[in-house]
Amino acid sequence: MAKLSYAFYQDLDVNSLAKQLLGKQLFTNIEGVITGGVIVETEAYAGVEDKASHAYGGRLTDRTKTMYLAGGVSYVYLCYGIHHLFNVVSGPLNTPHAVLIRGLEPTIGLEEMLQRRGMPVLKPNLTAGPGALSKAMGIDRALNGQDLLGEQIWIEDGPLIPDERIAAVPRVGVGYAAEHALLPWRYYIKGNRFVSKPNR
DNA sequence: GAGTAGATCGGCT
DNA sequence: GCCGATCTACTCG
């Protein structure tokens with residue numbers, strides 16, 4: 001499959017993009033070790049107008065400046081001082097939209113992923129949840145700002161998931177975002193085992 | 001099986 | 001200082 005183009009990532013409608021990313025394949029190549037899987041859960045973060053976004057109100061710091069790059073790069077940051085969360089930067093330059101990847105169905109490099117997580121056998125929670133999948137894929141801040149058409153981390157095209165197989169629900173862990181917490185900007189493939197906790 | 005504490009970095013109020 | 005786009009382990013029922 002071909003890698004997704006910059007035009008795909010620079011779509012102004014971050015919600016449409018979050019939905020389209022379902023079914024696509026995410027890969028990493030960490031020091032020659034390739035792992036990958038199918039994206040089954042995403043969340044949209046709509047730049048400066050979204051209270052739940054790090055870029056709300058135009059906030060610009062060393063951490064968030066990656067989000068202002070033109071769509072088609074990765075945004076990796078540390079959450080709760082422990083977990084690396086992986087986002088796809090989208091929209092054109094200076095439009096800090098991003099899509100958080102929350103769930104992945106592993107396909108390539110199963111052994112490596114199990115080893116990185118210290119798990120003896122494959123269970124859905126290997127890659128269900130943003131912190132978990134980053135660890136399994138070997139994603140850390142070294143990958144922040146990397147080109148998604150590059151050699152270390154990339155996304156390949158995949159089947160389009162029909163609307164009736166996609167669920168849209170409120171986002172997770174953003175209760176502080178007031179009225180924006182209720183927006184149904186979390187998307188996942190119905191019934192998939194690698195969707196993170198609440199729901200399925 | 002559900003609820004809670006702890007780990008621990010960056011960026012605010 | 002406090003709290004966050006989280007996960008795991010451990011407690012209690």
Side-chain angles (χ1 to χ4, degrees), chain A residues 9 14-15 17-19 21-22 26 37 39-69 71 73-91 95-106 113-146 148 153 155 167-188 193-200:
Chain A
Y9 293 114
V14 65
N15 276 282
L17 187 70
K19 242 201 274 194
L21 279 170
L22 296 174
L26 173 66
I39 297 170
V40 300
E41 183 180 356
T42 62
E43 271 179 18
Y45 286 84
V48 298
E49 13 179 279
D50 181 357
K51 284 187 185 173
S53 166
H54 293 160
Y56 174 64
R59 184 168 42 189
L60 180 59
T61 66
D62 276 345
R63 181 175 71 155
T64 63
K65 66 185 179 190
T66 307
M67 298 180 77
Y68 290 80
L69 299 174
V73 300
S74 67
Y75 170 45
V76 180
Y77 85 98
L78 197 58
C79 185
Y80 297 99
I82 298 182
H83 303 289
H84 297 280
L85 270 57
F86 168 66
N87 299 248
V88 173
V89 174
S90 64
T95 303
H97 291 181
V99 178
L100 171 67
I101 307 300
R102 294 187 53 87
L104 197 76
E105 178 169 344
M113 290 197 256
L114 291 171
Q115 204 170 62
R116 284 177 184 146
R117 296 289 322 271
M119 293 172 62
V121 295
L122 177 62
K123 283 182 292 185
N125 68 351
L126 175 68
T127 52
L133 80 85
S134 295
K135 188 169 184 192
M137 297 283 291
I139 294 172
D140 63 20
R141 277 177 298 173
L143 293 183
N144 185 39
Q146 288 291 322
L148 290 177
I153 183 164
I155 302 177
V169 299
R171 290 175 290 183
V172 177
V174 294
Y176 64 90
E179 70 274 17
H180 292 158
L182 299 175
L183 296 171
W185 285 1
R186 172 179 178 229
Y187 302 98
Y188 60 91
R193 299 192 313 286
F194 295 91
V195 170
S196 65
K197 274 283 166 154
N199 289 302
R200 192 181 291 182

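Here is the naming used below: chain letters follow the sequence lines, and residue numbers restart at 1 for every chain.
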Pair Glu105(A), Thr127(A): side-chain N/O donor-acceptor within cut-off below 3.5 Å: no
Using modelled atom types and a 3.5 Å cut-off, is there a donor and acceptor pairing between side-chain atoms of Thr42(A) and backbone atoms of Leu100(A)? no
Take atom NZ of Lys123(A) and atom P of dC7(C), then tell me their distance rounded to the nearest Å. 14 Å
Just so I know, are the side chains of Leu17(A) and His97(A) near enough to count as touching, which here means a heavy-atom distance under 4.5 Å? no
Given protein heavy atoms under 4.0 Å, the one-letter contact record of nucleotides 6-13 of chain B, with B base, S sugar-phosphate only and - none, is simply -BBBSSS-
Output yes when a side-chain donor or acceptor of Arg186(A) lies under 3.5 Å from a complementary backbone atom of Arg171(A), and no otherwise. no
Send over the distance from Tyr56(A) OH to dG4(C) P, rounded to a whole Å. 17 Å
Decide whether Tyr77(A) and Asn87(A) meet the rule of one side-chain donor and one side-chain acceptor closer than 3.5 Å. no
For the pair made of CZ in Phe194(A) and C1' in dC7(C), what is the distance, rounded to whole Å? 17 Å
Contiguous pairing runs of three or more, Watson-Crick or G-U under 3.5 Å, that involve DNA chain C: B:1-7 with C:6-12, B:9-12 with C:1-4
Using a 3.5 Å distance criterion without hydrogens, assess whether the side chain of Tyr188(A) forms a donor-acceptor pair with backbone atoms of Leu22(A). no
In Leu85(A), Thr64(A), Val88(A), the residue satisfying side-chain contact (heavy atoms from CB on, under 4.5 Å) with Tyr75(A) is Thr64(A)
Would His54(A) and Tyr45(A) count as a close aromatic pair, with their ring centres under 6.0 Å? no
Rounded to whole Å, the CG-P distance (Leu104(A) to dC7(C)) equals 13 Å
